[in-house]
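Both counts, for ligands and for their atoms, begin at 1 and track the order of listing.
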Amino acid sequence: MADHYEVLGIERTATPDEVKKAYRRLARELHPDVNPGADAQERFKLVTHAYDVLSDPQQREQYDLGGSGGGFGGFGDIFETFFGASQRSAGPRSRRERGQDALLRIEVELGDVVFGVKRELEVDTAVVCGTCEGSCCAKGTQPITCDICQGTGQIQRSVRSLLGNVMTSSPCGTCRGYGTVIVNPCPTCGGQGRVRARRKVTVDIPAGVETGLRLQLAGQGEVGPAGGANGDLYLEVKVKHHDIFSRNGDDLLATLEVQMTDAILGTTAKVDALDGPVTIEVKPGTQSAEVITVKDRGVTHLRGSGRGDLRFGVQVVTPTKLDSKQQELINQFASTRKSSAPSLTHFQQGLFQKLRDRFLGV
Ligand SMILES: [Zn+2]
Ligand SMILES: [Zn+2]
């Protein structure tokens with residue numbers, strides 16, 4: 001067996017700090033993730049083992065006295081700081097893991113919300129590697145059992161405490177707790193078993209969605225490492241602003257401008273709603289801020305069936321320019337009515353406030 005000091009390239013008198021530094025330098029250089037060559041791997045194991053022994057004062061003393069150098073151990077903590085691995089469960093862990101969930105934001109037109117809409121989305125995601133089909137290994141090869149941890153994925157070590165020697169286990173740094181090592185990683189995916197890809201996803205956005213609502217598409221997220229189960233894809237909806245219609249629950253609101261004479265005499269208005277033309281009856285004598293409701297032409301309810309209503313707040317438009325003929329007719333009309341001076345009533349913040357109160361049923 002190679003001399004542990006030679007392996008680490010240090011003097012016999014090296015301080016614990018120098019041991020650590022030498023090990024870190026070599027580990028960075030030789031770790032299988034960085035340096036997948038078989039040669040490097042063999043050296044890496046030697047280096048790791050040498051460090052195990054020399055970093056533990058008890059084992060180092062034994063080694064210097066010509067002992068066996070004791071069992072493996074002592075590098076779990078170092079690896080944890082290197083790789084952030086802190087798997088605590090016993091036994092090797094699987095390379096296969098569930099993929100991450102993804103969140104995507106989508107904008108939909110208000111008109112699409114009325115009945116719902118089908119959307120095709122392009123999603124940046126990960127899919128199973130076509131070369132190795134998730135095995136992570138180059139063609140014709142397979143993972144080998146990690147001989148540092150004998151395939152258990154765990155390193156047992158004895159720690160001296162006030163209560164005596166206590167056995168603790170930590171993930172094997174060589175195989176990162178997998179119990180196996182991939183000597184020949186798949187060149188396409190670099191041993192990940194998955195590759196980045198753009199994928200088309202067809203989504204049924206249901207009617208009645210509102211801004212902020214999240215739709216869950218189970219299993220439409222990225223595939224996990226080593227062909228693990230797909231994560232979920234979440235879509236967060238934003239309903240775009242519409243120039244004419246606004247929304248109150250599943251009711252659609254708009255203002256209907258009615259000429260003064262039409263308001264007096266009544267008329268039939270044909271307008272375009274979000275789902276096609278709609279006929280509105282304006283009754284004779286209609287006032288500003290009256291609300292005309294067209295039943296069941298609003299947004300389809302998200303849960304259950306049925307729809308909200310269309311609600312039009314009337315704004316009577318007073319003509320500002322009259323020609324002499326019109327002026328004369330208005331004068332005539334006025335003269336036929338008993339004069340009624342403007343009078344006070346309860347203050348309201350103008351038409352807008354009045355409309356709002358009626359729309360919202362205040
Ligand atoms: Zn692959
Ligand atoms: Zn191992």
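Atom CD of residue Glu133 and atom OG1 of residue Thr188 lie 11.5 Å apart, to the nearest 0.5 angstrom.
Checking each of Ile148, Val181, Leu26, Thr174 against Phe44 for a side chain to side chain contact (heavy atoms under 4.5 Å, CB included) leaves exactly one that passes, namely Thr174.
When rounded to 10 degrees, the angle formed at the Zn ion (ligand 2) by SG (Cys175) and SG (Cys146) equals 120°. The angle Cys172:SG - the Zn ion (ligand 2) - Cys149:SG amounts to 110°, with values rounded to 10 degrees. An angle of 110° is found at the Zn ion (ligand 1) between Cys189 atom SG and Cys186 atom SG, rounded to 10°.
Counting backbone and side-chain atoms alike, Cys132 contributes an N/O/S atom closer than 2.8 Å to the Zn ion (ligand 1).
Applying the 6.0 Å contact sphere to CZ of Arg160 captures no more than 12 heavy atoms from other residues, nucleotides or ligands.
The closest side-chain donor-acceptor pair between Thr268 and Glu281 falls under 3.5 angstrom.
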